[in-house]
Protein chains: 4
Amino acid sequence: MLRKVPKQSRSEEMVSCILAGATRVLRRTPLASTTTNHIAEVAGVSVGSVYQYFDSKETIATTLFRRHLADSAQLLRRVRTESRGYSAEKRLRMPFVELLRDHRSDIMLHQNLMGVMETSRPTAETQSLIREITNEIAAVLGEEFPAIDQDEIKLCAALRQRYSVTLVHSSMIDPTLDRDGVVLDHFDSLSKANIKALGARARSRRRARVS
Amino acid sequence: MLRKVPKQSRSEEMVSCILAGATRVLRRTPLASTTTNHIAEVAGVSVGSVYQYFDSKETIATTLFRRHLADSAQLLRRVRTESRGYSAEKRLRMPFVELLRDHRSDIMLHQNLMGVMETSRPTAETQSLIREITNEIAAVLGEEFPAIDQDEIKLCAALRQRYSVTLVHSSMIDPTLDRDGVVLDHFDSLSKANIKALGARARSRRRARVS
Amino acid sequence: MLRKVPKQSRSEEMVSCILAGATRVLRRTPLASTTTNHIAEVAGVSVGSVYQYFDSKETIATTLFRRHLADSAQLLRRVRTESRGYSAEKRLRMPFVELLRDHRSDIMLHQNLMGVMETSRPTAETQSLIREITNEIAAVLGEEFPAIDQDEIKLCAALRQRYSVTLVHSSMIDPTLDRDGVVLDHFDSLSKANIKALGARARSRRRARVS
Amino acid sequence: MLRKVPKQSRSEEMVSCILAGATRVLRRTPLASTTTNHIAEVAGVSVGSVYQYFDSKETIATTLFRRHLADSAQLLRRVRTESRGYSAEKRLRMPFVELLRDHRSDIMLHQNLMGVMETSRPTAETQSLIREITNEIAAVLGEEFPAIDQDEIKLCAALRQRYSVTLVHSSMIDPTLDRDGVVLDHFDSLSKANIKALGARARSRRRARVS
DNA sequence: AATGAATGAGGCTTCATTCAT
DNA sequence: CATGAATGAAGCCTCATTCAT
């Protein structure tokens with residue numbers, strides 16, 4: 001994805017600069033009206049240098065998005081390893097709350113990053129990161145429901161991930177959701193339904209196998 | 001919203017043409033890379049005509065989004081009037097299934113429409129349309145639970161609407177989630193929980209009144 | 001110049017309406033950013049009607065300019081016939097003062113009308129109107145200097161007309177000229193020089209003829 | 001005024017190119033019907049480069065006008081330093097003749113430049129350049145009449161400058177006025193009157209001081 | 001590598017003019 | 001004739017990208 005993998009510290013610094021600049025810009029400006037020149041200016045480097053390391057502004061946004069995904073995956077893994085013994089519901093609620101807080105403090109930035117996903121087809125690396133996140137969720141569910149089929153658990157995990165994301169984004173858009181913990185209430189409802197559905201599907205499958 | 005309210009039938013036709021063209025374009029192209037000229041071309045009208053009625057492509061998308069909301073409200077109303085006698089759960093499932101199908105057959109179009117919501121603050125008219133949809137849901141719930149307080153019903157309706165939207169969009173962002181009816185299973189779980197909660201509130205209220 | 005000479009009262013009314021509208025518009029808007037549609041709107045008629053009577057917005061401005069020239073010529077003629085017996089200097093000062101007042105009350109309008117002159121080559125009719133004005137000035141000078149050659153007088157008249165116009169316009173542009181009668185002082189200086197030059201050329205011609 | 005102050009020699013060249021191109025265009029085309037693209041094309045640079053340095057064609061014309069003022073000031077200074085010993089009248093006539101010739105060989109260009117003045121309020125820089133020109137005239141007068149009060153001389157210089165401009169523009173609007181040196185004759189009349197007035201003031205002052 | 005000036009395709013928008021009603 | 005919606009050529013301007021220094 002990077003045109004050139006930075007090997008020297010100077011190059012790494014350059015890339016960090018550009019990404020930091022882009023982050024600052026995307027916090028205030030919709031991606032559509034962001035310009036490469038502006039990113040370069042804010043980053044304190046020249047446009048030429050931006051093109052030294054990135055193919056286009058979409059590439060920059062995508063990189064930023066991948067970093068965000070990687071951070072999220074890491075958060076989930078950390079919480080999972082540190083929370084053994086608690087119920088799946090609790091273990092999955094914690095990172096949600098944290099992500100919610102992160103997003104709220106940088107609404108436009110995250111809207112911009114989401115926009116990247118919506119506009120371009122996800123790359124293999126992006127999909128792999130998403131899978132990593134789903135796997136983390138699935139791991140927690142699997143520890144609570146060891147009897148349930150792995151595929152089934154992965155589906156539930158994927159759905160849960162999706163609506164977590166949707167809820168976070170909804171909370172950024174819809175001001176009525178942005179207070180009194182309404183979003184958390186929704187999350188809890190969906191979470192309960194998610195786990196109940198898991199049980200239901202498990203039972204129906206067992207019945208199907210028996211008959 | 002429209003720059004000029006069409007007075008002659010010719011104008012109404014013009015607006016329809018433009019919206020139809022925009023629909024066709026947005027089914028294939030992300031809003032960001034859509035151009036006014038392209039919409040005009042596909043619509044078979046001149047750019048000038050587009051600007052006669054719309055300020056920008058965003059305005060067109062917003063109009064389309066409002067039409068979508070209006071269509072959804074109408075669908076709910078139609079189903080409600082045609083399904084008297086059935087259980088609330090069934091009466092609310094039907095339009096969900098239909099909306100789910102609609103969205104999945106036009107994923108990019110609906111992603112584009114959602115993008116409009118995400119980018120701009122909702123207008124009074126948009127909010128009013130959403131309220132209309134909530135009211136339809138509330139009406140169905142109210143017919144099944146005539147004893148329950150209106151405010152209580154409205155709250156449940158609002159929550160149910162949000163869940164539904166969340167699920168539809170989740171299924172849109174990752175279509176693989178709809179294998180094996182996973183989304184529908186989750187909808188059913190949520191729906192049952194929603195109605196159960198309503199019943200619970202009804203009973204507790206009755207108890208409160210008795211004692 | 002007019003596409004069609006209005007014969008019926010309705011048509012005349014139409015033309016008056018359009019010119020009145022254009023006048024109102026050009027009082028506030030530079031000709032370059034004036035639009036036919038706006039003129040029509042302010043005039044309270046449809047664009048189509050404007051094109052029924054005028055070829056283009058330039059034609060409208062030109063017509064307005066011609067009316068202004070005709071008015072000026074009429075003013076000069078009136079003052080000339082009513083001021084016999086006074087010195088040429090006084091007789092020519094009076095209309096200047098009046099024109100100065102007129103222009104000051106409608107600065108942008110007159111700037112716009114001048115712009116028409118500067119942009120397009122003057123038509124035969126325009127030139128004829130200007131000649132009419134020059135002739136009025138020449139008549140006054142001729143009455144005071146009956147011995148001087150007619151051609152010489154016409155040249156002086158033309159120059160006087162030109163710098164009168166230039167002074168009026170300068171007074172509109174340069175704020176330092178717009179107070180304490182500075183413009184009038186200039187006019188008087190130029191006027192005196194004009195008349196002196198007339199005498200000087202007369203003498204030099206006489207000398208040339210003699211030798 | 002310039003969007004960006006050219007730092008590299010390449011940039012200065014660019015700006016010169018654009019101004020040269022604009023000059024060539026404005027010699028043939030009224031500013032109103034001049035386009036940025038056309039200027040760029042004639043200048044042999046891309047539109048983008050034009051916009052890198054100028055906000056609009058008006059800005060370009062304004063720059064050209066300022067250069068013209070600066071050139072005029074320089075001309076006056078040069079003539080003044082090279083003509084010591086001659087009478088003030090002769091020293092001031094020379095640059096007038098030259099400016100007259102310049103303007104007549106580029107009538108439309110100078111009409112366009114004047115148009116800029118008429119359309120926009122004069123900036124501080126423009127006013128400063130005009131003051132510079134007035135100072136040059138005042139310097140010449142001051143050398144001939146060292147006894148006269150500076151303020152008095154400045155007033156005469158300012159008036160003389162205005163007359164000159166008025167005459168030059170008159171001859172531009174109607175070139176036939178320059179047959180037989182009519183404009184020059186008028187200039188001489190005004191010049192004599194101007195200097196006579198100065199002498200008169202000088203004498204009256206001396207008298208005032210004596211008595 | 002870094003720089004930043006130069007490029008120019010292409011999007012946006014206006015508005016003079018036409019023409020069906 | 002009057003109307004005003006429709007047209008589309010043409011100007012404006014931006015900004016992703018290149019490339020000489």
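In the text below, chain A, chain B and the rest are named by the order of the sequence lines, each starting its count at 1.
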Next item on the list: Can you tell me the distance, in whole Å, between the CZ atom of Phe54(B) and the P atom of dT14(E)?
Entry: 16 Å
Notebook entry, point to check: Once you round it to whole Å, what is the distance between P of dT14(E) and NE2 of His38(C)?
Noted result: 14 Å
Next item on the list: Would you indicate, yes or no, if dC15(E) has its OP1 or OP2 atom less than 4.0 angstrom from a side-chain nitrogen or oxygen of Tyr51(B)?
Entry: no
Next item on the list: Round to the nearest Å and state the distance from Tyr53(C) atom OH to dA2(F) atom C1'.
Entry: 9 Å
Next item on the list: Could you walk me through whether Thr63(C) and Val15(C) pass the side chain to side chain contact (heavy atoms under 4.5 Å, CB included) test, one step at a time?
Entry: CA-CA 11 Å; Thr63(C) 303; Val15(C) 169; over 6 Å; no
Notebook entry, point to check: Within this structure, what is the CD-to-P distance between Glu41(A) and dA16(F), rounded to whole angstrom?
Noted result: 13 Å
Next item on the list: Evaluate side chain to side chain contact (heavy atoms under 4.5 Å, CB included) for Leu19(B) paired with Phe54(B), printing each intermediate quantity in order.
Entry: CA-CA 10 Å; Leu19(B) 292 175; Phe54(B) 299 96; 3.9 Å; yes
Notebook entry, point to check: So which pairs with a foot in residues 27-47 of chain C pass side chain to side chain donor-acceptor pair (under 3.5 Å), sequence neighbours left out?
Noted result: Arg27(C)-Asp106(C), Ser46(C)-Ser49(C)
Notebook entry, point to check: Could you walk me through whether Thr126(B) and Arg66(B) pass the side chain to side chain contact (heavy atoms under 4.5 Å, CB included) check?
Noted result: CA-CA 6 Å; Thr126(B) 304; Arg66(B) 273 217 300 281; 4.0 Å; yes
Checklist line | Atom pair distance, as rounded to whole Å: CD1 in Ile18(C) and P in dA16(E) | finding: 14 Å
Check: Rounded to the Å, how far apart are Ile39(C) CD1 and dT17(E) P?
Finding: 11 Å
Notebook entry, point to check: For DNA chain F, which ranges pair as stems of 3 or more consecutive Watson-Crick or G-U pairs, with both donor-acceptor distances under 3.5 Å?
Noted result: E:2-21 with F:2-21
Notebook entry, point to check: side chain to side chain contact (heavy atoms under 4.5 Å, CB included) between Met14(A) and Gln52(A): does it pass, once the steps are laid out?
Noted result: CA-CA 10 Å; Met14(A) 191 88 251; Gln52(A) 187 78 34; over 6 Å; no
Notebook entry, point to check: What does Ser56(D) touch in the nucleic acid at a heavy-atom separation under 4.0 angstrom: a base, only the sugar-phosphate, or nothing?
Noted result: nothing
Show me the protein contacts with nucleotides 7-11 of chain F, counting only N or O atoms at under 3.5 Å.
from   : atom 1 : to       : atom 2 : distance (Å)
dT7(F) : OP2    : Ser46(B) : N      : 3.4
dT7(F) : OP2    : Ser49(B) : OG     : 2.6
dG8(F) : N7     : Ser46(B) : OG     : 3.4
dG8(F) : N7     : Gly48(B) : N      : 3.3

Item checked: Ser11(C) side chain near dC1(F) phosphate (N/O to OP1/OP2, under 4.0 Å) -> yes
Notebook entry, point to check: Side-chain donor-acceptor pair under 3.5 Å between Ser56(D) and Thr59(D), yes or no?
Noted result: yes
Next item on the list: Consider only side-chain N and O atoms of Tyr53(D) and Ser11(D), and report whether a donor and an acceptor are under 3.5 Å apart.
Entry: yes
Checklist line | Ring geometry between His68(A) and His103(A) (parallel below 30°, tilted from 30 to 60°, perpendicular above 60°) | finding: perpendicular
Check: Do other residues, nucleotides or ligands put more than 12 heavy atoms under 6.0 Å from the CD atom of Gln74(B)?
Finding: no
